[in-house]
Amino acid sequence: MKHPHKNWDDQWPEYSESAPEQKSWECGVYQTGSTQPPKSHGGLIAGLLAAVIFLGGIASALGVLNIRLFQQMQDAPEPNQDALALIGTQPAEATQPETQFSSPAAPATETWQKVGGDVTIELHQAPESVENISQEGGLSFQEIYEKNISGVVSITSRDESGAASSGTGVVFTADGYLVTNYHVVEAGESISVIFSDGQTREASLVGSDPMTDLAVLYVAADGLTPVEFGDSSTLRVGDTVAAIGDPLGVELRGTMTDGIISGINRDITVGGRTMTLIQTTAALNEGNSGGPLINCYGQVIGINTMKVGDEMSAGGVEGLGFAIPSTTVKEIVDQLLRQGYVSGRPTLGLEVEEVSRFYQLYYGLPAGAYITDVAAGSAAAEVGIAQGDILLCLDDTAVVDQESLTELLYSYQVGDTLEAVIYRGGKQYRVTLTVTEFLGNS
(Lines give C-alpha, C1' and ligand atoms only; values in the text may rest on other atoms or scores of the structure.)
Protein backbone atom coordinates (compact mmCIF):
# COMPACT_ATOMS: atom_id res chain seq x y z
CA MET A 1 0.00 0.00 0.00
CA LYS A 2 1.44 3.34 -0.98
CA HIS A 3 1.89 5.94 1.67
CA PRO A 4 -0.50 8.92 1.29
CA HIS A 5 2.41 11.36 1.47
CA LYS A 6 4.15 10.84 -1.83
CA ASN A 7 6.38 13.91 -1.53
CA TRP A 8 8.50 13.96 1.61
CA ASP A 9 9.46 17.57 0.98
CA ASP A 10 5.80 18.45 1.62
CA GLN A 11 5.42 16.09 4.60
CA TRP A 12 8.72 16.46 6.44
CA PRO A 13 10.76 19.63 6.98
CA GLU A 14 14.11 19.45 5.25
CA TYR A 15 16.76 19.07 7.96
CA SER A 16 19.82 20.24 6.03
CA GLU A 17 21.00 21.43 2.66
CA SER A 18 21.11 18.96 -0.18
CA ALA A 19 24.11 16.71 -0.18
CA PRO A 20 26.85 17.83 -2.55
CA GLU A 21 26.52 16.48 -6.04
CA GLN A 22 28.62 13.44 -6.80
CA LYS A 23 31.53 13.98 -9.13
CA SER A 24 31.49 11.66 -12.07
CA TRP A 25 34.53 9.62 -12.94
CA GLU A 26 36.89 11.46 -15.33
CA CYS A 27 37.54 9.65 -18.56
CA GLY A 28 41.05 8.41 -19.23
CA VAL A 29 42.91 10.03 -22.14
CA TYR A 30 44.36 7.91 -24.92
CA GLN A 31 47.48 9.48 -26.55
CA THR A 32 49.72 8.48 -29.43
CA GLY A 33 52.91 9.58 -27.67
CA SER A 34 55.55 12.23 -28.28
CA THR A 35 56.63 13.14 -31.81
CA GLN A 36 60.06 14.45 -30.75
CA PRO A 37 63.19 12.35 -31.53
CA PRO A 38 64.25 9.96 -28.71
CA LYS A 39 66.91 11.05 -26.22
CA SER A 40 70.33 9.36 -25.98
CA HIS A 41 70.67 6.68 -23.25
CA GLY A 42 74.47 6.38 -23.23
CA GLY A 43 74.84 7.81 -19.73
CA LEU A 44 72.30 5.39 -18.31
CA ILE A 45 74.09 2.37 -19.82
CA ALA A 46 77.44 3.52 -18.41
CA GLY A 47 75.91 3.88 -14.94
CA LEU A 48 74.50 0.35 -15.07
CA LEU A 49 77.90 -1.09 -16.06
CA ALA A 50 79.55 0.67 -13.13
CA ALA A 51 76.96 -0.74 -10.72
CA VAL A 52 77.53 -4.29 -12.03
CA ILE A 53 81.31 -3.94 -11.55
CA PHE A 54 80.84 -2.63 -8.00
CA LEU A 55 78.49 -5.47 -6.98
CA GLY A 56 80.87 -8.03 -8.48
CA GLY A 57 83.69 -6.69 -6.31
CA ILE A 58 81.59 -7.05 -3.18
CA ALA A 59 80.70 -10.65 -4.07
CA SER A 60 84.40 -11.51 -4.59
CA ALA A 61 85.35 -10.04 -1.22
CA LEU A 62 82.64 -12.03 0.56
CA GLY A 63 83.85 -15.22 -1.15
CA VAL A 64 87.42 -14.71 0.11
CA LEU A 65 86.11 -14.05 3.65
CA ASN A 66 84.06 -17.26 3.61
CA ILE A 67 87.12 -19.29 2.52
CA ARG A 68 89.17 -17.92 5.43
CA LEU A 69 86.42 -18.66 7.95
CA PHE A 70 86.13 -22.21 6.63
CA GLN A 71 89.89 -22.75 7.04
CA GLN A 72 89.71 -21.51 10.65
CA MET A 73 86.90 -23.94 11.40
CA GLN A 74 88.92 -26.82 9.92
CA ASP A 75 91.93 -25.96 12.12
CA ALA A 76 89.81 -25.77 15.31
CA PRO A 77 90.21 -28.70 17.83
CA GLU A 78 87.61 -31.44 17.99
CA PRO A 79 84.70 -30.64 20.33
CA ASN A 80 84.61 -32.28 23.73
CA GLN A 81 82.24 -35.24 23.37
CA ASP A 82 81.68 -35.37 27.12
CA ALA A 83 80.37 -31.80 27.02
CA LEU A 84 77.95 -32.69 24.22
CA ALA A 85 76.58 -35.51 26.38
CA LEU A 86 75.28 -32.98 28.87
CA ILE A 87 72.79 -31.81 26.26
CA GLY A 88 70.70 -34.83 25.42
CA THR A 89 72.21 -38.20 26.21
CA GLN A 90 75.04 -39.50 28.31
CA PRO A 91 76.47 -43.02 28.84
CA ALA A 92 74.71 -44.76 31.71
CA GLU A 93 78.02 -45.57 33.46
CA ALA A 94 79.35 -42.01 33.47
CA THR A 95 78.94 -39.63 36.37
CA GLN A 96 78.56 -35.91 35.91
CA PRO A 97 81.42 -33.73 37.16
CA GLU A 98 80.47 -31.04 39.60
CA THR A 99 80.56 -27.95 37.43
CA GLN A 100 78.54 -24.77 37.17
CA PHE A 101 76.23 -26.62 34.76
CA SER A 102 75.34 -29.36 37.30
CA SER A 103 71.94 -29.21 38.98
CA PRO A 104 72.45 -28.83 42.77
CA ALA A 105 69.28 -30.86 43.38
CA ALA A 106 70.35 -33.85 41.26
CA PRO A 107 71.83 -36.84 43.12
CA ALA A 108 75.42 -37.71 42.36
CA THR A 109 74.39 -41.09 40.96
CA GLU A 110 71.85 -39.67 38.44
CA THR A 111 72.42 -41.07 34.95
CA TRP A 112 71.09 -40.42 31.46
CA GLN A 113 69.58 -43.13 29.29
CA LYS A 114 70.92 -43.48 25.77
CA VAL A 115 68.60 -42.92 22.84
CA GLY A 116 67.32 -46.30 21.67
CA GLY A 117 67.77 -47.95 25.07
CA ASP A 118 65.38 -50.23 26.90
CA VAL A 119 63.14 -47.44 28.31
CA THR A 120 59.50 -47.85 27.28
CA ILE A 121 55.95 -47.03 28.32
CA GLU A 122 54.13 -49.84 30.05
CA LEU A 123 50.38 -50.21 29.50
CA HIS A 124 48.49 -51.58 32.49
CA GLN A 125 45.09 -53.16 32.53
CA ALA A 126 42.49 -50.37 32.77
CA PRO A 127 39.72 -50.79 35.32
CA GLU A 128 36.16 -51.02 34.08
CA SER A 129 34.17 -47.81 33.61
CA VAL A 130 32.94 -46.51 36.94
CA GLU A 131 30.08 -44.23 37.83
CA ASN A 132 31.39 -40.66 38.06
CA ILE A 133 29.24 -39.24 40.87
CA SER A 134 29.90 -35.51 41.16
CA GLN A 135 28.79 -35.10 44.78
CA GLU A 136 26.77 -36.84 47.47
CA GLY A 137 23.17 -37.35 46.40
CA GLY A 138 23.92 -36.48 42.77
CA LEU A 139 23.86 -38.57 39.63
CA SER A 140 26.78 -39.92 37.66
CA PHE A 141 27.47 -38.28 34.31
CA GLN A 142 26.20 -41.43 32.63
CA GLU A 143 22.91 -41.14 34.54
CA ILE A 144 22.66 -37.42 33.76
CA TYR A 145 23.03 -38.19 30.05
CA GLU A 146 20.49 -41.00 30.07
CA LYS A 147 17.99 -38.88 31.98
CA ASN A 148 18.14 -35.92 29.56
CA ILE A 149 19.13 -37.11 26.08
CA SER A 150 15.53 -37.97 25.07
CA GLY A 151 14.50 -34.38 25.81
CA VAL A 152 17.30 -32.79 23.77
CA VAL A 153 16.64 -32.10 20.07
CA SER A 154 18.56 -30.85 17.04
CA ILE A 155 17.12 -27.79 15.28
CA THR A 156 17.71 -26.67 11.69
CA SER A 157 16.33 -23.31 10.55
CA ARG A 158 16.26 -22.17 6.91
CA ASP A 159 15.70 -18.64 5.66
CA GLU A 160 14.06 -17.46 2.40
CA SER A 161 17.21 -18.14 0.38
CA GLY A 162 17.52 -21.67 1.75
CA ALA A 163 20.56 -20.89 3.92
CA ALA A 164 20.51 -23.03 7.05
CA SER A 165 21.56 -22.48 10.64
CA SER A 166 21.58 -25.17 13.30
CA GLY A 167 21.33 -25.37 17.05
CA THR A 168 19.92 -27.35 19.93
CA GLY A 169 16.59 -27.31 21.74
CA VAL A 170 14.97 -28.69 24.90
CA VAL A 171 11.58 -30.43 25.21
CA PHE A 172 9.69 -29.08 28.23
CA THR A 173 6.21 -30.58 27.71
CA ALA A 174 5.15 -34.05 26.60
CA ASP A 175 2.75 -32.58 24.02
CA GLY A 176 5.32 -30.83 21.83
CA TYR A 177 6.59 -27.51 23.27
CA LEU A 178 10.30 -26.78 22.97
CA VAL A 179 12.59 -23.95 24.04
CA THR A 180 15.72 -22.80 22.20
CA ASN A 181 17.67 -19.61 21.47
CA TYR A 182 16.11 -16.79 19.48
CA HIS A 183 19.22 -16.47 17.32
CA VAL A 184 18.89 -20.13 16.23
CA VAL A 185 15.50 -19.53 14.57
CA GLU A 186 15.68 -15.76 14.05
CA ALA A 187 15.44 -15.77 10.25
CA GLY A 188 13.72 -19.11 9.88
CA GLU A 189 11.08 -19.53 7.21
CA SER A 190 11.06 -23.26 7.92
CA ILE A 191 12.20 -25.05 11.08
CA SER A 192 12.82 -28.78 11.44
CA VAL A 193 13.51 -30.77 14.61
CA ILE A 194 15.40 -34.06 14.92
CA PHE A 195 14.69 -36.10 18.06
CA SER A 196 17.16 -38.41 19.79
CA ASP A 197 15.56 -41.47 18.12
CA GLY A 198 16.19 -39.95 14.67
CA GLN A 199 12.62 -38.86 13.90
CA THR A 200 12.31 -35.49 12.11
CA ARG A 201 9.32 -33.18 12.45
CA GLU A 202 8.47 -29.67 11.30
CA ALA A 203 8.12 -27.03 14.02
CA SER A 204 6.27 -23.72 14.21
CA LEU A 205 7.33 -20.61 16.11
CA VAL A 206 5.10 -19.83 19.10
CA GLY A 207 6.91 -16.67 20.18
CA SER A 208 10.35 -15.17 20.65
CA ASP A 209 12.21 -12.56 22.67
CA PRO A 210 15.41 -11.11 21.17
CA MET A 211 16.40 -9.39 24.43
CA THR A 212 16.79 -12.65 26.37
CA ASP A 213 17.63 -14.73 23.26
CA LEU A 214 14.80 -17.20 23.86
CA ALA A 215 12.18 -18.72 21.55
CA VAL A 216 9.39 -21.27 21.99
CA LEU A 217 8.60 -23.81 19.26
CA TYR A 218 5.75 -26.27 18.86
CA VAL A 219 5.85 -29.72 17.27
CA ALA A 220 2.67 -31.70 16.63
CA ALA A 221 3.61 -34.76 18.68
CA ASP A 222 2.51 -36.55 21.85
CA GLY A 223 4.33 -38.74 24.31
CA LEU A 224 7.58 -36.79 24.24
CA THR A 225 10.03 -37.00 27.15
CA PRO A 226 10.45 -33.56 28.72
CA VAL A 227 13.49 -32.57 30.74
CA GLU A 228 13.24 -31.60 34.40
CA PHE A 229 14.04 -27.97 35.17
CA GLY A 230 15.82 -27.00 38.39
CA ASP A 231 16.07 -23.68 40.25
CA SER A 232 19.14 -21.73 39.09
CA SER A 233 18.88 -19.33 42.04
CA THR A 234 20.46 -21.99 44.30
CA LEU A 235 23.61 -22.39 42.18
CA ARG A 236 27.03 -21.82 43.69
CA VAL A 237 30.39 -21.24 42.03
CA GLY A 238 32.09 -24.61 41.82
CA ASP A 239 28.93 -26.68 41.27
CA THR A 240 29.40 -29.49 38.75
CA VAL A 241 27.44 -29.12 35.49
CA ALA A 242 27.13 -30.83 32.12
CA ALA A 243 26.01 -29.58 28.69
CA ILE A 244 24.40 -31.57 25.88
CA GLY A 245 24.13 -30.29 22.33
CA ASP A 246 25.27 -30.34 18.72
CA PRO A 247 28.74 -28.77 18.55
CA LEU A 248 29.50 -27.76 14.95
CA GLY A 249 26.23 -29.20 13.64
CA VAL A 250 23.94 -32.22 13.62
CA GLU A 251 26.74 -34.60 12.64
CA LEU A 252 27.92 -34.48 16.28
CA ARG A 253 24.47 -34.19 17.85
CA GLY A 254 24.01 -35.41 21.37
CA THR A 255 27.53 -34.52 22.47
CA MET A 256 28.00 -34.14 26.23
CA THR A 257 30.65 -31.98 27.93
CA ASP A 258 31.21 -31.22 31.59
CA GLY A 259 32.58 -28.46 33.78
CA ILE A 260 31.69 -26.30 36.74
CA ILE A 261 29.80 -23.11 37.46
CA SER A 262 32.55 -20.50 37.23
CA GLY A 263 30.45 -17.37 37.68
CA ILE A 264 26.93 -16.27 38.58
CA ASN A 265 24.95 -13.16 37.56
CA ARG A 266 27.36 -12.14 34.80
CA ASP A 267 26.05 -9.09 32.90
CA ILE A 268 27.07 -9.69 29.28
CA THR A 269 26.24 -7.22 26.48
CA VAL A 270 25.72 -8.71 23.02
CA GLY A 271 24.08 -7.04 20.04
CA GLY A 272 23.17 -3.99 22.09
CA ARG A 273 21.28 -5.96 24.76
CA THR A 274 22.55 -6.85 28.22
CA MET A 275 21.75 -10.28 29.64
CA THR A 276 22.42 -11.65 33.12
CA LEU A 277 23.91 -15.10 32.59
CA ILE A 278 25.54 -18.12 34.23
CA GLN A 279 29.22 -18.60 33.41
CA THR A 280 30.51 -22.15 32.98
CA THR A 281 33.65 -24.03 31.99
CA ALA A 282 31.64 -26.73 30.18
CA ALA A 283 32.79 -26.70 26.55
CA LEU A 284 30.28 -24.89 24.31
CA ASN A 285 30.70 -24.51 20.57
CA GLU A 286 28.68 -23.32 17.61
CA GLY A 287 25.63 -25.59 17.51
CA ASN A 288 25.34 -25.89 21.31
CA SER A 289 23.10 -22.81 21.32
CA GLY A 290 19.71 -23.57 22.84
CA GLY A 291 20.85 -26.74 24.57
CA PRO A 292 20.62 -27.53 28.28
CA LEU A 293 23.09 -26.80 31.06
CA ILE A 294 22.42 -29.51 33.65
CA ASN A 295 23.26 -29.76 37.36
CA CYS A 296 24.50 -32.88 39.15
CA TYR A 297 20.93 -33.99 39.86
CA GLY A 298 20.09 -34.12 36.16
CA GLN A 299 18.02 -30.90 36.27
CA VAL A 300 18.26 -28.24 33.57
CA ILE A 301 19.36 -25.02 35.28
CA GLY A 302 20.19 -23.03 32.14
CA ILE A 303 19.84 -22.74 28.36
CA ASN A 304 23.24 -22.36 26.69
CA THR A 305 23.48 -19.22 24.62
CA MET A 306 27.06 -18.13 23.86
CA LYS A 307 30.78 -18.54 24.42
CA VAL A 308 33.77 -16.25 24.11
CA GLY A 309 34.23 -16.06 20.34
CA ASP A 310 37.06 -16.75 17.92
CA GLU A 311 38.18 -13.12 18.10
CA MET A 312 39.56 -13.80 21.57
CA SER A 313 40.60 -17.42 21.21
CA ALA A 314 43.94 -16.45 19.68
CA GLY A 315 44.82 -14.93 23.04
CA GLY A 316 44.44 -18.30 24.78
CA VAL A 317 40.93 -17.79 26.17
CA GLU A 318 39.25 -21.08 27.11
CA GLY A 319 36.34 -22.28 29.18
CA LEU A 320 34.15 -19.19 28.95
CA GLY A 321 30.62 -20.30 28.14
CA PHE A 322 27.36 -18.69 29.19
CA ALA A 323 23.82 -19.91 29.79
CA ILE A 324 20.47 -18.24 30.46
CA PRO A 325 19.37 -19.05 34.04
CA SER A 326 16.32 -21.29 34.39
CA THR A 327 14.55 -18.61 36.46
CA THR A 328 14.75 -16.27 33.45
CA VAL A 329 13.72 -19.07 31.09
CA LYS A 330 10.56 -19.74 33.11
CA GLU A 331 9.58 -16.04 33.24
CA ILE A 332 10.05 -15.51 29.49
CA VAL A 333 8.60 -18.84 28.30
CA ASP A 334 5.47 -18.34 30.42
CA GLN A 335 4.79 -15.01 28.65
CA LEU A 336 5.56 -16.43 25.21
CA LEU A 337 3.13 -19.28 25.80
CA ARG A 338 0.46 -16.96 27.10
CA GLN A 339 0.64 -14.14 24.55
CA GLY A 340 3.41 -14.88 22.02
CA TYR A 341 5.64 -12.00 23.12
CA VAL A 342 7.20 -10.44 26.22
CA SER A 343 5.51 -7.31 27.52
CA GLY A 344 7.31 -3.99 27.59
CA ARG A 345 9.92 -4.56 24.89
CA PRO A 346 10.43 -1.28 22.93
CA THR A 347 10.62 -1.15 19.13
CA LEU A 348 10.45 1.21 16.16
CA GLY A 349 9.89 -1.59 13.64
CA LEU A 350 13.27 -1.12 11.91
CA GLU A 351 15.95 -3.55 10.84
CA VAL A 352 19.20 -1.95 9.75
CA GLU A 353 22.78 -2.65 8.77
CA GLU A 354 25.88 -0.47 8.68
CA VAL A 355 26.68 1.68 5.64
CA SER A 356 30.20 0.52 4.85
CA ARG A 357 33.07 2.92 4.37
CA PHE A 358 33.31 1.80 0.73
CA TYR A 359 29.71 2.82 -0.01
CA GLN A 360 30.19 6.08 1.83
CA LEU A 361 33.12 7.00 -0.43
CA TYR A 362 31.88 5.44 -3.67
CA TYR A 363 28.30 6.75 -3.53
CA GLY A 364 28.86 9.77 -1.32
CA LEU A 365 26.56 8.44 1.42
CA PRO A 366 26.68 9.59 5.04
CA ALA A 367 27.71 7.34 7.92
CA GLY A 368 24.59 5.72 9.33
CA ALA A 369 22.35 2.65 9.43
CA TYR A 370 20.92 1.47 6.11
CA ILE A 371 17.28 0.42 6.63
CA THR A 372 16.75 -3.11 5.28
CA ASP A 373 13.20 -3.69 6.55
CA VAL A 374 10.30 -1.73 8.01
CA ALA A 375 7.64 -3.70 9.89
CA ALA A 376 4.10 -3.14 8.64
CA GLY A 377 2.06 -1.00 11.02
CA SER A 378 5.14 0.05 13.01
CA ALA A 379 5.94 3.57 14.17
CA ALA A 380 8.48 3.95 11.37
CA ALA A 381 6.03 2.78 8.70
CA GLU A 382 3.37 5.20 9.96
CA VAL A 383 5.55 8.25 9.23
CA GLY A 384 6.68 6.99 5.83
CA ILE A 385 10.15 5.62 6.53
CA ALA A 386 10.95 3.00 3.89
CA GLN A 387 13.50 0.37 3.03
CA GLY A 388 16.54 2.02 1.46
CA ASP A 389 16.50 5.10 3.71
CA ILE A 390 19.46 5.72 6.01
CA LEU A 391 18.91 6.34 9.72
CA LEU A 392 21.51 8.84 10.92
CA CYS A 393 20.59 9.44 14.56
CA LEU A 394 17.94 9.24 17.27
CA ASP A 395 17.65 12.26 19.58
CA ASP A 396 21.02 13.47 18.24
CA THR A 397 22.76 10.18 19.13
CA ALA A 398 24.45 8.60 16.12
CA VAL A 399 23.19 5.21 14.92
CA VAL A 400 25.44 3.12 12.67
CA ASP A 401 24.16 -0.48 12.89
CA GLN A 402 21.60 -2.81 14.50
CA GLU A 403 23.60 -3.11 17.72
CA SER A 404 23.80 0.63 18.32
CA LEU A 405 20.10 0.99 17.44
CA THR A 406 19.06 -1.77 19.85
CA GLU A 407 21.27 -0.49 22.65
CA LEU A 408 19.88 3.03 22.31
CA LEU A 409 16.29 1.86 21.95
CA TYR A 410 16.37 -0.12 25.20
CA SER A 411 17.04 3.11 27.08
CA TYR A 412 13.48 4.21 26.17
CA GLN A 413 10.10 3.03 27.44
CA VAL A 414 7.06 2.11 25.40
CA GLY A 415 5.18 5.34 24.64
CA ASP A 416 8.24 7.62 24.66
CA THR A 417 8.75 9.93 21.67
CA LEU A 418 12.02 10.68 19.97
CA GLU A 419 13.32 12.52 16.94
CA ALA A 420 15.03 10.67 14.12
CA VAL A 421 17.11 12.08 11.27
CA ILE A 422 16.63 10.21 7.98
CA TYR A 423 18.72 10.54 4.82
CA ARG A 424 16.94 10.07 1.49
CA GLY A 425 17.79 11.22 -2.02
CA GLY A 426 20.58 13.59 -0.99
CA LYS A 427 18.51 15.31 1.71
CA GLN A 428 18.11 14.90 5.46
CA TYR A 429 14.72 14.94 7.19
CA ARG A 430 13.78 15.13 10.86
CA VAL A 431 10.75 13.09 11.96
CA THR A 432 9.11 12.29 15.29
CA LEU A 433 8.62 8.64 16.25
CA THR A 434 6.73 7.00 19.12
CA VAL A 435 8.26 3.90 20.72
CA THR A 436 5.82 0.97 20.55
CA GLU A 437 5.73 -2.50 22.11
CA PHE A 438 7.46 -5.36 20.32
CA LEU A 439 4.84 -8.06 19.70
CA GLY A 440 7.23 -10.80 18.68
CA ASN A 441 8.08 -12.50 15.39
CA SER A 442 5.48 -15.24 15.60
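Along the sequence shown, residues are numbered consecutively beginning with 1.
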Show me the pairs that pass salt bridge (charged side-chain N to carboxylate O under 4.0 Å, His left out) and involve [range], at least two apart or across chains.
range: residues 328-347; result: D209-R345, K330-D334
range: residues 295-305; result: none
range: residues 211-223; result: none

Take atom CD in E189; do more than 12 heavy atoms of anything else shown fall under 6.0 Å from it?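 Atom CD in E189 is crowded, with more than 12 foreign heavy atoms closer than 6.0 Å.
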
Atom CD of E286 with >12 non-hydrogen neighbours under 6.0 angstrom: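 No, CD of E286 has 12 or fewer neighbouring heavy atoms, counting only those of other groups under 6.0 Å.
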
With sequence neighbours excluded, tell me which residues meet ring-ring contact (aromatic ring centres under 6.0 Å, His included) with Y359.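 ring-ring contact (aromatic ring centres under 6.0 Å, His included) list for Y359, sorted by chain: Y363.
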
Partner set under salt bridge (charged side-chain N to carboxylate O under 4.0 Å, His left out) for E419, not counting sequence neighbours: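 Only R430 meet the salt bridge (charged side-chain N to carboxylate O under 4.0 Å, His left out) criterion with E419.
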
Pairing residues for E202 by the salt bridge (charged side-chain N to carboxylate O under 4.0 Å, His left out) criterion, not counting sequence neighbours: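 Not a single residue meets the salt bridge (charged side-chain N to carboxylate O under 4.0 Å, His left out) criterion with E202.
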
Keeping to residues at least two apart or across chains, list the ring-ring contact (aromatic ring centres under 6.0 Å, His included) pairs with something in residues 234-254.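 Found none.
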
What pairs meet the ring-ring contact (aromatic ring centres under 6.0 Å, His included) rule with one or both residues in residues 208-259, with sequence neighbours excluded?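 Listed once each, the pairs are Y177-Y218.
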
One pair to check against side-chain hydrogen bond (donor to acceptor under 3.5 Å, both in side chains): T436 and T347. What are the steps and the verdict? CA-CA 5 Å; T436 57; T347 186; 5.4 Å; no

Residue list, side chain to side chain donor-acceptor pair (under 3.5 Å) with [X], at least two apart or on another chain:
X: D373; result: none
X: T327; result: S232
X: T280; result: none
X: E228; result: K147, Q299

Distance check, rounded to the nearest 0.5 Å: L365 atom CG versus I390 atom CD1?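 One gets 4.5 Å once the value is rounded to the nearest 0.5 Å.
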
Could you tell me whether a side-chain N or O of T180 sits under 3.5 Å from a main-chain N or O of A215, the two making a donor and an acceptor?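 It does not hold such a pair.
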
Distance-minimising heavy-atom pair for L214 and L336: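 Heavy atoms of L214 and L336 come nearest at O-CD1, 4.3 Å.
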
